[in-house]
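What's counted below: heavy atoms across the whole structure, side chains too, no hydrogens, waters or symmetry copies.
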Amino acid sequence: MLLKSHPLAVLDNVQLNFSEASLHTMNIVIAFIMFGVALELNFKSFREVWEKPKALVMGVLSQSVFMPALSFCLVMLINPTPTVALGMILVAACPGGNVSNFISTIAKANINLSVSLTAFSTVTCVFLTPFNFWFWGTMYANSLATAGLSVPLIEISFIEMLKTVVILLGLPIILGMLFAYKFPETTAKIRKPISIASMFFFGGFILMAFMNNFEQFIKYIDLIMLIVLAQNALALLTGYLTGRISKLSDANVRTLTLETGIHNSGLGLALIFNPHLFNGSGGMAFIAAWWGIWHIISGMAIAFYWKKREPRPLYEK
């Protein structure tokens, strides 16, 4: 059975305007962002979260276990082309994005829990992102082989992904934490400017990449818009239901919803355009790129809805 007739197959032949210099720039920007995130990691501020770890544990499960598993189920349900499917699996495997902390502030969520979950997912994603993508990606590839589908060979390199994530995230985080430990006074002065600068650089890079690929984006956005919308809605619902079923407080439920629904799609793009991994696969790139735009729109919409509603003063045990 061939997949060439699939409506999404056209994405596999799309070449995005993304040069080697652009890839290096994106990697530097992501590393700079992670260095800035590491400067914010002050575990003393999160003592209350760690003393009552239920919300943290459920948040980690929602982000790193439930979301990738349910995304795999969604892939099997809608049956997209392999590159689109792997793009969905990769986005689900990426850690939470640090923009979720800002959005959680608007939503009147638990900020300490939000930052703790972002910090935990960022540190552990050095292993969990490659593992989750390798595990669910391999299951998907095996399902294609079992169904007898005629598709290009899909190579999922756990080691290559691990190396990339360690370089992009692991090293900047370690350097940032060491810098904050050795130079606390300097860190206090530069923490906010670096945070603002990193968001500015990342936003500017995304805008330039979007403008350079505007024609392709407009031409093919209709093919993946509903897929990203469905997966993001699934992510938000996963966080919300995990919190509700666990009987967490309203503020913590809001946090889990946003942390599970917002992912570091910039890391996903860096991995997708790595010539040793996916070399800019069109289907994967479109999923990650549109996710990076849509999760902010959906997150902000929910945040402004919750902003007008005070969380109920319920405290879980």
* To do: State plainly whether one hydrophobic cluster holds both I174 and F179, where clusters connect Ile, Leu, Val, Met, Phe, Trp and Tyr through side-chain heavy atoms under 4.5 angstrom apart.
  => no

* Residue pair G243 / V253: nearest heavy atoms and the distance that separates them -> C-CG2, 3.6 Å

* Evaluate side-chain contact (heavy atoms from CB on, under 4.5 Å) for L256 paired with T238, printing each intermediate quantity in order. => CA-CA 9 Å; L256 263 64; T238 298; over 6 Å; no

* Take T242 and S246 through the test side-chain contact (heavy atoms from CB on, under 4.5 Å) and record every step on the way to the result. => CA-CA 6 Å; T242 299; S246 304; 4.3 Å; yes

* Structure fact -> F133 and L86 have their tightest heavy-atom pair at CE1-O, 3.4 Å

* Find the distance between CE (M300) and CD1 (I262) and round it off to the nearest 0.5 Å. => 9.5 Å

* Asked: In Å and rounded to the nearest 0.5 Å, what is the NZ to CZ distance from K189 to F183?
  -> 13.0 Å

* Asked: Taking the side chain from S114 and the backbone from N110, do they hold a donor-acceptor pair closer than 3.5 Å?
  -> no

* Asked: Donor-acceptor pair, S71 side chain versus P68 backbone, under 3.5 Å?
  -> no

* To do: List in chain and number order the residues that pass ring pair (Phe, Tyr, Trp, His ring centres under 6.0 Å) with Y240, two or more places apart in sequence or in another chain; answer none if no residue qualifies.
  => none

* Does the side chain of S121 come within less than 4.5 Å of V60's, by heavy atoms? -> no

Pairs of donor and acceptor atoms involving the side chains of residues 282-294, under 3.5 Å and at least two apart or interchain, shall be tabulated with distances.
| unit_1 | atom_1 | unit_2 | atom_2 | d |
| --- | --- | --- | --- | --- |
| W291 | NE1 | H295 | ND1 | 3.3 |
| W294 | NE1 | N232 | OD1 | 3.4 |

* Any donor and acceptor pair, going by atom type alone, linking the side chain of N252 with main-chain N or O of L248 inside 3.5 Å? -> no

* Residue among N264, L117, T124, L128 satisfying side chain to side chain contact (heavy atoms under 4.5 Å, CB included) with P95 -> N264

* Check against side-chain contact (heavy atoms from CB on, under 4.5 Å), H263 and M67 -> CA-CA 11 Å; H263 287 248; M67 175 53 185; 4.0 Å; yes

* For the pair R254 (side chain) and W306 (backbone), establish whether a donor and an acceptor sit closer than 3.5 Å, ignoring hydrogens and angles. => yes

* To do: Identify, with sequence neighbours excluded, every residue that meets salt bridge (Lys or Arg N to Asp or Glu O under 4.0 Å) alongside R309.
  => none

* **Shared hydrophobic cluster for M225 and L74 (ILVMFWY, side-chain gaps under 4.5 Å)** => yes

* Can you find a side-chain donor-acceptor pair between T260 and S62 that sits under 3.5 Å? -> yes

* If Ile, Leu, Val, Met, Phe, Trp and Tyr residues are connected whenever their side-chain heavy atoms lie under 4.5 Å apart, and connections chain through other members, are I297 and V228 in the same group? -> yes

* Inter-residue atom distance F72.CZ - S143.OG, 0.5 Å rounding -> 5.5 Å

* Find the distance between CZ (R191) and OG1 (T186) and round it off to the nearest 0.5 Å. => 11.0 Å

* Asked: Should L226 and M76 be regarded as members of a common hydrophobic cluster, given that ILVMFWY residues are connected when their side-chain heavy atoms come within less than 4.5 Å of each other, either directly or indirectly?
  -> no

* Please confirm whether the backbone N or O of G59 pairs with a side-chain atom of E259, one donor and one acceptor, at under 3.5 Å? => no

* Asked: Given the rule that I, L, V, M, F, W and Y join up when any side-chain heavy atoms are under 4.5 Å apart, are L178 and I190 in one cluster?
  -> no

* Structure fact -> Shortest non-hydrogen pair, A93 vs T129, comes out as O-OG1, 2.9 Å

* Please name the pair of heavy atoms, one in L258 and one in G299, separated by the smallest distance, quoted to 0.1 Å. => CD2-O, 4.0 Å

* For the pair F131 and F127, name the ring-plane relationship: parallel under 30°, tilted 30 to 60°, perpendicular over 60°. => parallel

* Asked: When rounded to the nearest 0.5 angstrom, what distance separates CG in N132 from CG in L90?
  -> 10.5 Å

* **Atom pair CD1 (I245) and CG (L241), whose distance is rounded to the nearest 0.5 Å** => 5.5 Å

* **Exam field: side chain K108 to backbone K307, donor-acceptor pair closer than 3.5 Å** => yes

